[in-house]
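A note on names: the letters A, B, ... follow the listed sequences, proteins ahead of strands, and every chain is numbered from 1.
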2 protein chains.
Amino acid sequence: MTRLREQVLSLIWQSHRPLGAYDILDSLNADGRKAAPPTVYRTLDFLQRMGLVHRIASLNAFVGCTQPSHHHSGCFLICETCHNVLELPSSSIRNAIEGEARKQGFAPRETVVEVTGLCPACKDDGPTNE
Amino acid sequence: MTRLREQVLSLIWQSHRPLGAYDILDSLNADGRKAAPPTVYRTLDFLQRMGLVHRIASLNAFVGCTQPSHHHSGCFLICETCHNVLELPSSSIRNAIEGEARKQGFAPRETVVEVTGLCPACKDDGPTNE
DNA sequence: CCCTCGAACGTTATACTATAACCCATGTCC
DNA sequence: GGACATGGGTTATAGTATAACGTTCGAGGG
């Protein structure tokens, strides 16, 4: 765990919503570091391999993992209004999906589950928040 | 359904594996049409709205829908070796996921389920195919 | 001690994906 | 025939990601 990696992980954790790679890049540079895209992507790759960060494919963005202990990727609820992301543990869903895949003779390696919609707060606020 | 839309849909159907927007663009232009990216993206948007085409978020690519009758998005098994994609109907999985989301007070609008791994053929071929 | 090697990161350039904004042609409906 | 909606061409640019190579530094072996 180097200074750079700590710095990126901390940025991601502080945000509580998905950050784009270039958001991270800008923060790093605002912070005095002279970084270019490969630096950020390499760091994100590392953090993903460590299970500390997830990539949200629907958004091309990155969030902190809420349960770094389990390495499995989660199931994400993505609010279209406030852009917060909630990670569900819900390995049962994952198991169901991968079981279904195996029934087809498919060998699953990684599973992405991303639900887009409205989070409780934004749903109740009605259209005022949009 | 215009000529352009038929042409794009036909390209996607003929390929049986995800096509990038720029692959489609190149095919169109090889075919005599003078197209630019917005033309392709607009057409893809239309075909998605019609439920004829799905976007694979993990790949930034597009596949034909195998069941255009049901509008819901499917569950995709993506082979890392041969790049074929199998769409599972499996609305039960979708229901389970969205039920789980609603339990959290979340109002789901769209759900992405993408499983990456090895398809039956590539799994059995072993590493020879890689 | 010096050498090698690998990991981490910097640097430059470029590839790939997607959209904004504006234009014009055509068809429909009153 | 004028108003308006739709489809699609055109130009430019924004946003996301990687290739390829260089530099530094520390660990371990001879």
**Message:** For the residue pair A:Thr2 / A:Glu6, report whether a side-chain donor-acceptor contact shorter than 3.5 Å exists.
**Reply:**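 There is no such pair (donor and acceptor under 3.5 Å, judged by atom type) between the side chains of A:Glu6 and A:Thr2.
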**Message:** Under a 3.5 Å threshold, yes or no: a donor from one side chain and an acceptor from the other, between A:Glu98 and A:Thr111?
**Reply:**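 Checked: A:Glu98/A:Thr111 side chains pair up, N/O donor to acceptor below 3.5 Å.
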**Request:** Return the minimal non-hydrogen interatomic distance between B:Val85 and B:Phe76, and the atom names on each side.
**Result:**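 B:Val85 and B:Phe76 have their closest heavy atoms at CG1-CD2, 3.8 Å.
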**Item:** Which atom of A:Glu87 lies closest to which atom of A:Gly64, heavy atoms considered
**Value:**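 So the minimum-distance heavy-atom pair works out to OE1-O, 4.1 Å.
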**Request:** Determine, for nucleotides 7-14 of chain D in 5'-to-3' order, which nucleotides have protein heavy atoms under 4.0 Å from the base (write B), from only the sugar-phosphate (write S), or from neither (write -).
**Result:** SBBBB---
**Prompt:** Do A:Phe62 and A:His54 have their ring centres less than 6.0 Å from each other?
**Reply:**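 Between A:Phe62 and A:His54, the centre distance exceeds or equals 6.0 Å.
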For [N], take OP1 and OP2 only and decide whether either is under 4.0 Å from a side-chain N or O of [X].
X: B:Asn60; N: D:dT16; answer: no
X: A:Tyr41; N: D:dT18; answer: no
X: A:Arg55; N: D:dA17; answer: yes

Between [atom2] on [N] and [atom1] on [X], what's the gap in Å once rounded to a whole number?
X: A:Asp45; N: C:dC9; atom1: CG; atom2: C1'; value: 14 Å
X: B:Ile24; N: C:dA18; atom1: CD1; atom2: P; value: 10 Å
X: B:Leu59; N: D:dT16; atom1: CG; atom2: P; value: 18 Å
X: A:Ile56; N: D:dT16; atom1: CD1; atom2: P; value: 14 Å
X: A:Asn29; N: C:dT11; atom1: CG; atom2: P; value: 10 Å
X: A:Gln48; N: D:dT18; atom1: CD; atom2: P; value: 10 Å
X: A:Asp23; N: D:dA17; atom1: CG; atom2: C1'; value: 15 Å

**Request:** Hey, could you give me the CG/CG distance between A:Leu25 and A:Leu19, rounded to the nearest 0.5 Å?
**Result:**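 If I round to the nearest 0.5 Å, the distance is 12.0 Å.
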